[in-house]
Amino acid sequence: MKVRVTVMLKEGVLDPQGKAIGHALGTLGFAELGEVRCGKVIDLDVPANDAGAAVTQGEAMARALLANDVIEDFSVEALS
Amino acid sequence: MKVRVTVMLKEGVLDPQGKAIGHALGTLGFAELGEVRCGKVIDLDVPANDAGAAVTQGEAMARALLANDVIEDFSVEALS
Amino acid sequence: MSNVVIDADLAARYGLTGDEYQTLLGIMGRVPTLTELGIFSVMWSEHCSYKSSRVHLRTLPTTAPWIIHGPGENAGVVDIGDGMAAIFKMESHNHPSFIEPYQGAATGVGGILRDVFTMGARPIANLNALRFGDPRHAGTRRIVDGVVRGIGGYGNCVGVPTVGGEVNFHPAYDGNPLVNAMTVGIARQDRIFLSAAAGIGNPVVYVGSKTGRDGIHGATMSSAGFDENAQAKRPTVQVGDPFTEKLLIEACLELMATDAIVAIQDMGAAGLTSSAVEMAGKGGVGIELDLDAVPQRETGMTAYEMMLSESQERMLMVLKPEHTEAARAIFEKWELDFAVVGVLTDTARITVKHQGRVEADIPLAPLADAAPVYHRPMALLHPPAHLGSVADPEGIEHALLHLLACPDLASRAWIWNQYDSTLGGQTVRRPGTADAAIVRVEGTNRALALTTDCTPRFCKADPKVGGAQAVAEAWRNITATGALPLAVTDNLNFGNPEHPEVMAQFAAAIAGMGDACRVLDFPVVSGNVSLYNQTKHASGMAVDILPTPAIGGLGVIDDVSKAIGYAMPESCDLILIGTQRGDLGQSLWLREIAHREDGAPPVLDLHAERRNGDFVRAQILSGHIIACHDVSDGGLLIAVAEMAMAGGIGATLLPPAHGLSLHAFYYAEDQACYVAATTDGAALIAAAEKAHVPVRRLGRSGGDALKLSDGMSVAIERLRSVNEATLPAMMDR
Amino acid sequence: MKAGIVVFPGTNRERDMAQALRLTSGVAPQMIWHRETSLPSLDLVVLPGGFSHGDYLRSGAMAAHSPIMAEVRRFAERGGYVLGVCNGFQILTEAHLLPGALLRNAGMRFLSQDCHLKVERDGLAFTRRWTSGAVFRAPMAHGDGNYTASEDTLDRLEGEGRVVFRYATADGAVLPQDRTCNPNGSARAIAGIASENGRVCGLMPHPENLVDPAIGGTDGAPLFTGLIEALAA
Ligand SMILES: Nc1ncnc2c1ncn2[C@@H]1O[C@H](COP(=O)(O)OP(=O)(O)O)[C@@H](O)[C@H]1O
Ligand SMILES: [Mg+2]
């Protein structure tokens, strides 16, 4: 089963990358953008038989390694 | 409107990050993982009134800046 | 793909001419398989066979008593004393850096590192010679950004300091930047590893990353029409993995401390094909590969794809069989793939097996010996005459500020601040502090002096003078630190060799380089040729780049405490060593201020170069010169200004003597000239006169402004602010 | 002083650190491979700079889970001295041995340049050779050095005197909003912090690269000579 772990900086944590992207989009002429936030996705192929089990595994991996809970939140979804 | 742009390396392109993450998860005891792929997400707040227009704007930004079409693919979805 | 018809047409799409295909048929005695055709096409490509350049390269001097290995090995090897050797080479990644600047440049750094550590050296320094298009051109900023990030991204992570380089901008590079990366490593002379395979029955071992469909010969693309799956199998851009390279360096060096390796070669261009063919060919043995054993990242790869893949961070080795398991343990410790993929045979052939079938079976000697060699036609060159005097439209001060801000002279700090230059703890002189970077050899008192140089505008005007000048400037930059120049590596970047004009530039530049190398005792020990560098315009017209024979120079200084930089010291006499002719032809002043790009490049007298330089070096080592900068891009006043900016101390200059106009005196790019700072000007002048070295008193250091006899006075802070503003303004706006 | 340097795959400043320790203490430190499951008897554990595991995912994240880190944690809990520089600092935060995290530099570029550090807290083993307010030069070389923590955590660090070094101008002014003075954008210009007991210290710049007069100067040497003194006592 494939799962996707999405990791974003917590609200309130400054996002230098998002800020830089917002700035660059502005210079390219994309106006009136609100806040831009940048995060990571990790797609994993886990040995699970159903979506529920797969998501549980993805969450365990996010807690163990993929996200740093000091600065980041994560969400996990089953793919296809 | 909020949109999420997800950028992943094209199939066949080496993903050193994904490789290292898969390896690290393995040493943490998460066994039997298939290929791990790592990408980025950019959440944008665009000045659009409906999801369709928002996605179109997200796509334009992905093409202009957010994705490097030589090695990356992207997808755009409207959020909430 | 079994229904593919292999014939001269297909061969042509793989880049083989009709004649070359006939030669292939003669060697094989039958129609080749697709894999065989692929092997011939890459081995006989310009990149691997040097078919257009070989006859000219042969004329370069490559020997000296201190040269241990010249061209022909993965990198050149130079004796630096105490049983130690410096191993170095430069290589281009021009075309990939245009397509994908970050990855193109990054993998360029990775590739040149492998050439050096494959010989047993620990890489201790990287340099990079870069040429970009017009800063105003739409694409330039993206390329500069990606290339600089890519070089830093790879070098910083892999753990090798980037200590120097050079950058030029010119519209001729708009569609074809040049990214030349140089690596220098250190090894013990008794632990140098070569690539000639030996020992029938010895295992052939593959280590490093897995093989994917990365960068498979562009030929597949142009012939993709025959396969409906072509899209899925399209060659992909190579992505660098500096982390894996770091592990590969450590694992290889650990293995090299044992007795296990018979031969080793990195997998560079044309991957498994060229490494296997070259190792076996050089050793005069046969080689049999079993592709089923090759570690693979993707499924369903064909023999053709595996043989031509350019996946990065891989090496091929021949081991002593009894050491194979110990070697495996080392690579497993470093978490790298290790696979026995073949064996050396007595057949003198390369045999490639895959899934029970023989996919290629080629005799090695004819593959190498019958490789094409071309004497391509050359046009007659007409180097321009020297310019007469040129009027000064702007005055000295305006030109000074204008030149310091122009992209070719602006501070490169924006670039080198993205490169880790202190990593390793041996960097004595970082970028922007001396004419050559100085890197100590760990555990000794000795240091290497490293530089890259080339002035393409001179090469375009007169390739022979330009080729010689590039070598002379590298020699001079090393000399100006007090180090003794020992050898060079080169990266010959030229346009389309099928253009007689380009071929003539190539031959003339090599002739000039050879002259300079001979007079300066500065032989060529390694190098790389990159042809077909052209900017294609929307109109379909292709314009060749400026001829750019980049030179990487290496020197040694036995006592690192004697190495000097160019930061202006307080209260010193400033002495000009060398003859000031005042010829402004092809100078930056002429281009930036008079808006002309004509005339002959400055006169280059190699014997004067040698004499002046040997004098300067001796005076540095005896402590009489305490700061020194050569006169190069921008001329004398720019050299003084760079010293002032580096030291934060100003200078007051005397009027020019011998009837030269001010602008000619200050902005001509005269060769074989140095600005030397000394506490005793009279003594230095006397010593120079005794050695028949032209010399003149230039002025005195001190204060916080640069002052001229005509009343000009510009604060150093002002010089710095214009000099440092250009690149950030261009890149981080 | 018996020092050990932990080497992770991708660590690349271990030789610099070893050279600095050797030069200042006269004793060569031991190198400890990350897969070891026990530490030898040591006075000081150093986590050096580099790109452990390529710094892929997040700088220091994967290294923080290496087998040796459980031992380093135990060593610290027993009151051992731990120094983390650059990637070592990142690893210490990822391992929660120090609070906060290091984000991408504010300007989004790798920064390799000299900076000036102001000593905010003297008297620690790491700073005993300086007095508070002293300024010294150190090279920095990192892409992710932008220190961040919650406002509460920052206040607590300040209140407990655990901010050890701040980015400053050459004459000691601390200007958090000024990119020439605080190049990576760190919160409150924090360059280095310590644990509650003052024995675990992490900082981004590289004092180990300035300990040799032949290689640029000795501005960083007091950190090491101070440690040697403290640990000999
Ligand atoms: N691409 C680069 N990477 C690193 N350092 C560079 C680069 N380009 C220029 N530099 C450094 O900038 C300084 C000035 O370069 P340059 O003007 O070409 O020197 P010179 O004219 O003395 O040969 C040198 O220290 C050089 O090593
Ligand atoms: Mg020079």
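Chain identifiers are assigned alphabetically (A, B, ...) following the order of the sequence lines, protein sequences preceding nucleic acid strands; residue numbering begins at 1 within each chain.
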Side chain, backbone, both or neither: which part of [X] has a non-hydrogen atom closer than 4.5 Å to chain D?
X: C:Glu245; value: neither
X: C:Arg429; value: neither
X: C:Thr427; value: backbone
X: C:Asn445; value: neither

CD/D:Gln19 to CD/C:Gln426 distance, rounded to the nearest 0.5 angstrom?
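Here the rounded value is 4.5 Å.
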
Closest contact, heavy atoms only, [X] versus [Y]:
X: D:Asp16; Y: C:Thr422; answer: OD2-O, 3.9 Å
X: D:Pro9; Y: C:Leu247; answer: CB-CD2, 3.6 Å
X: D:Gly54; Y: C:Cys157; answer: CA-SG, 4.1 Å

Can you establish whether the number of heavy atoms outside D:Arg188 located under 6.0 Å from its atom CZ is more than 12?
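Yes, the 6.0 Å shell around CZ holds more than 12 heavy atoms from other groups.
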
Take a 6.0 Å sphere around NZ of C:Lys333 and say whether it holds more than 12 heavy atoms from other residues, nucleotides or ligands.
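Correct, the count exceeds 12.
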
Based on non-hydrogen pairs under 4.5 Å, which of D:Glu14, D:His206, D:Arg35, D:Met17 is most in contact with chain C?
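Most heavy-atom pairs within the cutoff with chain C belong to D:Arg35.
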
For chain D, find which of C:Gly424, C:Ser561, C:Ser421 contributes the most heavy-atom pairs closer than 4.5 angstrom.
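Of the options given, most contacts go to C:Gly424.
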
Write out, in numerical order, the residues from residues 103-117 of chain D with a heavy atom short of 4.5 Å from a heavy atom in chain C.
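Only D:Met108, D:Arg109, D:Phe110, D:Leu111, D:Ser112, D:Gln113, D:Asp114 of residues 103-117 of chain D have a heavy atom under 4.5 Å from chain C.
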
Any side-chain heavy atom of C:Lys246 sitting closer than 4.5 Å to one from D:Phe51?
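No, side chains not in contact.
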
Under 4.5 Å between any side-chain heavy atoms of D:Arg13 and C:Asp420, yes or no?
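Result yes, sub-4.5 Å side-chain heavy-atom pair found.
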
Identify which part of D:Asp212 has an atom lying under 4.5 Å from any heavy atom of chain C, answering side chain, backbone, both or neither.
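Only the side chain of D:Asp212 comes within 4.5 Å of chain C.
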
Any residues in residues 103-112 of chain C near chain D, with a heavy-atom distance under 4.5 Å, and which are they?
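Counting heavy atoms that sit under 4.5 Å from chain D, no residue of residues 103-112 of chain C is involved.
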
Would you call the rings of C:Phe243 and D:His53 parallel, tilted or perpendicular if under 30° counts as parallel and over 60° as perpendicular?
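Because their plane-to-plane angle lies in the 30° to 60° range, the rings of C:Phe243 and D:His53 count as tilted.
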
